[in-house]
There are 2 protein chains.
Amino acid sequence: MGKSNTKSKFKDFLLTQGLKSTNQRELILEEFLRAGSHLSTEDLYLRLRMKNPRIGYATVHRTLKLFAECGIAEQRHFGDGQARYEASAQDEHHDHLICISCGKIVEFEDSRIEELQMEVAGEHGFSIERHRLELYGYCSSCSTSI
Amino acid sequence: MGKSNTKSKFKDFLLTQGLKSTNQRELILEEFLRAGSHLSTEDLYLRLRMKNPRIGYATVHRTLKLFAECGIAEQRHFGDGQARYEASAQDEHHDHLICISCGKIVEFEDSRIEELQMEVAGEHGFSIERHRLELYGYCSSCSTSI
DNA sequence: CGCCTAGTTGAAAACGGATTTCAATTTAAA
DNA sequence: TTTAAATTGAAATCCGTTTTCAACTAGGCG
Ligand SMILES: [Mn+2]
Ligand SMILES: [Mn+2]
Ligand SMILES: [Zn+2]
Ligand SMILES: [Zn+2]
């Protein structure tokens, strides 16, 4: 999904929810789309502060939750105790490879795994709403440098 | 692994680490093995308090960490913001199906999924140390009662 | 046995990220 | 404009986790 597309989706969301368009919300979305993925609230807050010291942490926090509610962002947890957010690609799902040495995050998607997950869930009578698959290990750079 | 086997493994661990065997540690291990799996620290603490009001939360917390360090327990996070512990089965790994309605947790293991995970990781140059696969949805009881 | 010392305990405090409060401010509908 | 409702940001609060610290063992040694 393009940036302008995402922005209009958020605008629509605000309208339909009876919420207001504000300068802060625009700045935060702008920076969120500009910055790389998997940012914590703190990460984004610090980036925003450099350009505009008038933005509060609470507003960044609340706005990221709005992004998630609206469907333009997804919240993730990679086990370090803080939430991270990434822009949603339309309908596309992916899982993560995480380097436990340097923190590098690689995204992947494997339909065979997804199918097997559904199969296993079915065998246990579960209907799956969402899942989480994270592979933790060493990336190639960190493996060779040991 | 049998209960007595687990207990002696913990005793050995304490010895080799220069730690001491205490009444609290014995009571906590006893109750941990008696109680069902996927207990939070608070869960275990409350169970222990009923029988012995002289056990402190901090001790339960510290002892569960010792169990994990020793290898007789594993810490899990199922997204509700609190750590849970379960007794380790020897060498056996499993993943989880979690009902988002009633909280029921079902364990499963699928070697085909595990293999595909290794394959995917290899394609990205990662060597995997551990992983986490959780399927969230509705169990059969909760599906039909809707 | 008692001593002695390192390890242990539990109440309370500190921690850290997430969330809420609230008075001042801004938005946008009327 | 006027006005009601939403938003903002600093600070307070929440809540599970972890640490502190003085009192209390466990267990090695004589
Ligand atoms: Mn991602
Ligand atoms: Mn389990
Ligand atoms: Zn790495
Ligand atoms: Zn259920």
Side-chain angles (χ1 to χ4, degrees), chain A residues 10-32 38-70 73-85, chain B residues 7 10-32 38-70 73-85 103:
Chain A
F10 186 54
K11 275 237 160 84
D12 288 349
F13 171 80
L14 293 178
L15 267 180
T16 63
Q17 301 290 309
L19 305 177
K20 290 173 177 174
S21 220
T22 68
N23 193 241
Q24 283 92 331
R25 286 176 176 164
E26 278 176 30
L27 287 172
I28 293 170
L29 179 52
E30 190 80 42
E31 190 63 28
F32 175 66
H38 310 120
L39 276 81
S40 68
T41 306
E42 179 81 12
D43 290 339
L44 190 57
Y45 169 66
L46 291 177
R47 289 183 64 119
L48 284 157
R49 288 286 293 212
M50 292 195 294
K51 299 176 181 175
N52 186 337
R54 295 166 156 271
I55 289 193
Y57 182 93
T59 302
V60 177
H61 167 80
R62 287 183 287 228
T63 304
L64 281 170
K65 290 189 74 175
L66 280 184
F67 291 171
E69 206 182 325
C70 160
E74 283 175 54
Q75 194 187 56
R76 304 277 189 183
H77 287 269
F78 294 134
D80 64 347
Q82 70 184 338
R84 294 177 179 282
Y85 290 85
Chain B
K7 288 183 189 176
F10 186 54
K11 275 238 160 83
D12 288 352
F13 171 80
L14 293 177
L15 267 180
T16 62
Q17 301 290 308
L19 305 177
K20 289 174 178 171
S21 220
T22 69
N23 193 240
Q24 283 91 333
R25 284 174 179 166
E26 278 174 31
L27 288 172
I28 293 169
L29 179 51
E30 191 79 41
E31 190 63 30
F32 175 66
H38 312 118
L39 276 81
S40 67
T41 307
E42 179 81 11
D43 290 339
L44 190 57
Y45 169 65
L46 290 177
R47 288 183 64 117
L48 284 158
R49 287 287 292 211
M50 291 196 295
K51 299 176 183 177
N52 186 338
R54 293 166 157 272
I55 289 193
Y57 181 94
T59 303
V60 177
H61 166 79
R62 287 183 289 228
T63 304
L64 281 170
K65 290 189 75 174
L66 280 183
F67 291 170
E69 206 182 323
C70 160
E74 285 175 56
Q75 195 187 57
R76 304 276 188 184
H77 288 270
F78 294 135
D80 64 348
Q82 70 184 340
R84 294 177 179 282
Y85 290 84

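Order of the sequence lines sets the chain letters (A, B, ...), proteins ahead of strands, with each chain counted from 1.
- The distance from atom CD of Gln82(B) to atom P of dC14(D) is 18 Å, rounded to the nearest whole Å.
- Out of dT25(D), dA10(D), dG10(C), the shortest distance to the side chain of Lys20(B) is found at dT25(D).
- Here dA10(D) presents its C1' atom at 11 Å from CZ of Arg49(A), a figure rounded to the nearest Å.
- Judged purely by atom type and a 3.5 angstrom limit, Arg49(A) has no side-chain atom pairing as donor or acceptor with the backbone of Tyr57(A).
- Distance from the side chain of Arg25(B) is smallest to dT9(C) among dT7(D), dA10(D), dT9(C).
- The CG-P distance, from Leu66(A) to dT8(D), rounds to 9 Å in whole Å.
- Among the nucleotides dG9(D), dG16(D), dT18(D), the one closest to any side-chain atom of Arg62(A) is dG9(D).
- Closest approach to the Lys65(A) side chain among dA18(C), dT17(D), dT19(C) is made by dT19(C) (side chain taken as heavy atoms from C-beta onward).
- If you look at Phe32(B) and Tyr85(B), their ring centroids are not closer than 6.0 Å.
- Nearer the 5' end of DNA chain C, as judged by each residue's closest nucleotide, is the contact made by Tyr45(B), out of Leu15(A) and Tyr45(B).
- Atom-to-atom, CG of Leu19(B) to C1' of dA26(D) comes out at 12 Å; the value is rounded to the nearest Å.
- Evaluation of atom-type donor-acceptor distances gives no pair under 3.5 Å for the side chain of Arg54(B) against the base of dT25(D).
- The phosphate of dA18(C) has neither OP1 nor OP2 within less than 4.0 Å of any side-chain N or O from Gln75(A).
- The nearest whole Å value for the distance from the CD atom in Glu26(A) to the P atom in dT8(D) is 11 Å.
- For dA18(C), one of the phosphate oxygens OP1 or OP2 lies less than 4.0 angstrom from a side-chain nitrogen or oxygen of Tyr57(A).
- For Ala58(A), the side-chain atoms get nearest to dA10(D) when compared with the rest of dA28(C), dA10(D), dA11(C).
- Note on Ser21(B): only backbone sugar-phosphate atoms sit closer than 4.0 angstrom, heavy atoms only; bases stay farther off.
- Residue His61(B) places no side-chain N or O under 4.0 Å from the OP1 or OP2 atom of dT17(D).
- Nucleotide dT17(D) holds its C1' atom 15 Å from the CG atom of Asp80(A), rounded to whole Å.
- Considering NE2 of His38(B) and CG of Asp43(B), their distance stands at 12.0 Å, rounded to 0.5 Å.
- Considering only side-chain N and O atoms, Gln24(A) lies under 4.0 angstrom from the phosphate OP1 or OP2 of dG9(D).
- When the P atom of dT19(C) is taken as reference, atom CD of Glu42(A) falls 15 Å away, rounded to whole Å.
- With values rounded to the nearest 0.5 angstrom, His61(A) atom NE2 is found 11.5 Å from Ile28(A) atom CD1.
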Worksheet item: What's the verdict on side-chain contact (heavy atoms from CB on, under 4.5 Å) for His77(B) and His77(A), showing C-alpha distance, side-chain angles and the deciding distance?
Response: CA-CA 10 Å; His77(B) 288 270; His77(A) 287 269; over 6 Å; no
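- Taking every side-chain heavy atom of Thr22(A) into account, dT8(D) is the closest of dT19(C), dT8(D), dT9(C).
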Item to complete: Quick one: do Lys11(B) and Glu26(B) satisfy side-chain contact (heavy atoms from CB on, under 4.5 Å)? Show the steps, please.
Response: CA-CA 9 Å; Lys11(B) 275 238 160 83; Glu26(B) 278 174 31; 3.8 Å; yes
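- Regarding Gln17(A), its CD atom lies at a distance of 17 Å from the C1' atom of dA28(C), rounded to whole Å.
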